[in-house]
Amino acid sequence: DGNQPILSLRAPLDVVTFPSIACPRWPIECEVIGDVIHHIEWDPPQPEPFYKYTGSERMPLLYIFTISCMFLVFFLAKASKHPFFTCSRVGGSPGPIRNATCFDIKETDFVLEFESRFESGNLQRAVQVGPFDYELTIRCDMYTKKHTQWFYFRVRNMKAGVTYRFTIVNLMKSSSLYSYGMKPLLYSERAAKENGVGWKRTGFNIRYYRNCNENDTKSLYCLTWSLQFPFESDTCFVSHCYPYTYSRLQRYLQRISSNPNVASYCKLRILCYSLAGNAVYVMTVTSQGDNKCEGTNKRAVVVTARVHPGETNGSWMMEGFLDFLLGNSADAQLLRDTFVFKIVPMLNPDGVIVGNYRCSLAGRDLNRNYKTTLKDAFPCVWHTHKMVEKLLTETDVVLYCDFHGHNRKNNVFMYGCNSRSDASMNERIFPLMMSKNASNKFSFKSCKFRVQKSKEGTGRIAMWRLGIQNSYTLEATFGGSTLGDRRGTHFSTRDLKSLGFNVCDTLLDFCDPDPSKNQLKERKKRLKSRKERDRLRSHLKVQESDNKDMVQFSTDTGVVLCAPQSLTGIIISNQPLENTLKPRHVMKEKTSDHVSIKISRKGKVCWAI
């Protein structure tokens with residue numbers, strides 16, 4: 001200005017670059033094999049059904065505490081040499097990789113070969129108790145003595161057509177979806193290479209039951225199932241849910257950052273580093289340039305995932321959410337024009353890398369420590385909390401949503417917050433709308449809206465305490481759906497991604513930028529006189545219909561017929577709908593009994609209250 005430079009601050013251009021995928025940092029105690037683990041993404045042509053119990057599923061005898069070492073086929077020494085995390089290194093332990101297989105494959109070619117020293121793997125021991133029966137022990141979360149539910153390991157040296165039985169003997173949850181038809185997952189490298197088939201549900205004679213061994217000091221539970229491998233001498237993987245590793249996230253972010261179109265409205269930064277020194281990424285997604293929201297600051301939306309590392313379905317939902325939000329559709333553009341999105345796609349990379357189910361390398365559940373002042377012990381949630389605090393000083397946060405997985409209930413549902421003094425129940429609107437947009441997956445009946453003292457340290461309640469009214473945990477089952485046309489079928493990765501799409505779609509409905517909808521509550525507050533109510537009522541009149549099961553509404557755009565007990569209806573109009581309706585929908589209100597009708601661009605009533 002006047003030949004003088006004007007100094008201003010801007011974000012550094014190359015805070016995050018991906019010339020190559022950075023190798024994860026492991027605790028120094030962990031041995032890591034050099035094999036590259038890669039799984040193709042595949043969805044079954046038809047939804048995979050639940051296992052149907054026959055009543056003849058047997059409970060095998062447990063031998064693991066009485067057999068001699070000659071039956072031990074795979075064993076990893078306790079990784080935690082210290083009761084706490086000390087330091088990390090790329091590739092883990094610097095020493096040579098020890099042989100964890102306790103037999104000579106050439107001499108005994110009928111024994112399965114197990115391995116789990118790769119990203120997210122966590123098998124600790126395998127014992128052969130019969131020609132084709134194996135008892136498996138899952139490693140506890142590192143630096144703890146509990147949290148065994150997630151499992152992921154590799155199997156080789158199998159015979160095709162032979163029925164094998166696996167029994168995991170140290171699970172800690174008293175109930176599981178395996179008791180209600182859920183099946184484990186199997187991946188065959190040969191099937192992927194020859195047939196393009198990826199992860200498939202597998203198993204029969206499935207049973208989840210209490211381990212009655214008297215040597216146990218605490219209650220443990222067993223999962224047993226039988227399976228047949230599709231090919232001889234194949235390389236297969238077995239898992240609790242579809243794996244989603246830290247390396248996969250980095251590849252996904254590399255693809256995003258290398259796209260110049262996406263980079264124009266998506267800024268990728270490092271929020272902080274985990275205890276082991278792995279980057280925790282944060283994405284800021286919004287349209288650049290002038291604010292299009294009537295001169296006001298854009299409101300913000302905060303979305304996070306994978307605070308619990310074993311809940312991989314949260315990452316698949318997150319990928320679907322990002323695919324929609326970063327896409328080229330008009331709805332995605334509308335979201336970016338309307339909001340500023342702050343997204344942390346993986347809150348607990350250390351736990352994901354080492355194969356933990358619930359904890360970080362601090363040996364604690366991060367989703368109980370959002371209020372911590374221990375920045376160095378819990379950097380991921382501390383920085384996330386501070387980021388939201390700062391964001392609230394700049395603009396309103398309309399929604400906070402943390403993606404999780406659930407091991408005991410089917411379907412998808414939400415946990416929200418509601419104090420006893422607040423009787424408005426506004427926090428139920430977003431989940432209710434979500435249930436309409438994903439009616440065959442989302443169960444509103446399973447949603448809960450409580451603030452419990454034991455959950456005060458969760459992200460949901462911590463953000464609600466900061467002043468975010470719509471603060472939710474989105475829970476997706478490890479199993480599948482019991483609703484509608486998807487009843488009795490498992491969720492695939494495509495289903496989980498579609499839930500991310502549904503969150504975006506519901507957000508558009510919930511916070512529609514059309515001023516006539518945004519000001520609906522303000523209009524209702526202003527209408528205090530009978531004259532004003534009568535004037536508004538004239539826009540929407542209930543008339544009798546020839547069909548006694550239908551209610552007819554006259555609106556400015558035509559006539560709407562809908563069933564009193566249904567949320568669907570049709571529009572009858574002499575005018576082309578595209579000339580009478582807004583781009584997304586029109587809302588009409590009858591204030592006498594609070595009838596609201598939402599009409600989509602195709603002319604179908606999506607929901608009514």
Side-chain angles (χ1 to χ4, degrees), residues 14-41 76-77 79-82 85-100 115-124 139 141-143 150 152-154 187 189 235 237 239 242-258 268-283 305-307 309-310 312 314-316 318-319 322 344-357 359-362 366 379-380 383:
D14 297 320
V15 172
V16 177
T17 57
F18 286 101
S20 61
I21 299 298
C23 295
R25 297 183 63 88
W26 294 70
I28 198 72
E29 305 97 325
C30 294
E31 293 183 350
V32 184
I33 62 174
D35 300 20
V36 177
I37 309 297
H38 173 70
H39 305 308
I40 66 169
E41 192 173 339
L76 293 179
S80 305
K81 297 179 181 179
H82 305 280
F85 171 75
T86 55
C87 59
S88 65
R89 179 179 179 272
V90 173
S93 174
I97 303 298
R98 292 173 293 180
N99 185 13
E115 183 57 84
S116 64
R117 291 171 293 179
F118 49 81
E119 200 171 346
S120 296
N122 68 340
L123 180 67
Q124 185 173 10
R139 177 182 52 75
D141 282 8
M142 290 196 69
Y143 314 113
W150 162 261
Y152 177 36
F153 55 89
R154 187 179 72 187
Y187 183 94
E189 286 193 349
T235 296
F237 294 83
S239 183
Y242 305 99
Y244 197 108
T245 63
Y246 182 64
S247 295
R248 178 187 171 93
L249 173 67
Q250 288 188 308
R251 290 192 294 269
Y252 182 82
L253 296 179
Q254 181 187 43
R255 189 166 66 250
I256 290 174
S257 61
S258 62
L268 181 62
R269 297 288 182 263
I270 295 176
L271 176 67
C272 64
Y273 288 93
S274 65
L275 281 179
N278 294 296
V280 179
Y281 300 101
V282 60
M283 307 167 69
R306 288 302 282 282
V307 69
T312 59
S315 281
W316 290 105
M318 175 61 76
E319 186 168 306
L322 291 173
V344 185
M346 189 171 285
L347 278 165
N348 191 352
D350 293 348
V352 171
I353 290 167
V354 301
N356 281 1
Y357 172 62
C359 296
S360 71
L361 294 184
L366 292 182
C380 309
H383 281 277

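Numbers for residues simply follow the sequence, beginning at 1. The figures that follow rest on heavy atoms only: side chains count, while hydrogens, waters and symmetry mates do not.
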Practice problem: Tell me, with the steps shown, if M318 and L249 meet side chain to side chain contact (heavy atoms under 4.5 Å, CB included). | Solution: CA-CA 10 Å; M318 175 61 76; L249 173 67; over 6 Å; no
Exercise. Would you indicate whether the side-chain heavy atoms of V280 and H383 approach each other to under 4.5 Å?
Key: no
Exercise. Would you name the heavy atoms of L76 and S116 that are closest together and state the gap between them?
Key: CD1-OG, 3.8 Å
Quiz prompt | Any L347 side-chain heavy atom under 4.5 Å of L366 side chain | solution = no
Self-check item: Residue pair R139 / N356, side-chain heavy-atom distance below 4.5 Å
Solution: yes
Practice problem: Report the residue from E119, E41, H39 that forms a side chain to side chain donor-acceptor pair (under 3.5 Å) with R248. | Solution: E41
Quiz item: Does the side chain of Y273 come within less than 4.5 Å of N278's, by heavy atoms?
Solution: no
Exercise. State, yes or no, whether a side-chain contact exists between Y143 and P27 at a heavy-atom distance under 4.5 Å.
Key: yes
Quiz item: Measuring from F153:CZ to N122:CG, what's the distance to the nearest 0.5 Å?
Solution: 9.0 Å
Self-check item: Heavy-atom check, side chain of S274 versus side chain of P349, under 4.5 Å
Solution: yes
Self-check item: Neighbour count above 12 (heavy atom, 6.0 Å) for Y252 OH
Solution: yes
Quiz item: For T312, what residues pass the side chain to side chain contact (heavy atoms under 4.5 Å, CB included) criterion, not counting sequence neighbours?
Solution: W150, C241, Y244, R306
Exercise. Verify, without hydrogens or angle tests, whether S360 (side chain) and G351 (backbone) share a donor-acceptor contact under 3.5 angstrom.
Key: no
Quiz prompt | Close side-chain approach of D35 and R154, heavy atoms under 4.5 Å | solution = yes
Quiz item: Of all residues at least two apart in sequence or in a different chain, which pass the ring pair (Phe, Tyr, Trp, His ring centres under 6.0 Å) check with F118?
Solution: Y152, F237
Quiz item: Does the side chain of L271 reach to within under 4.5 Å of the side chain of V344, using non-hydrogen atoms?
Solution: yes
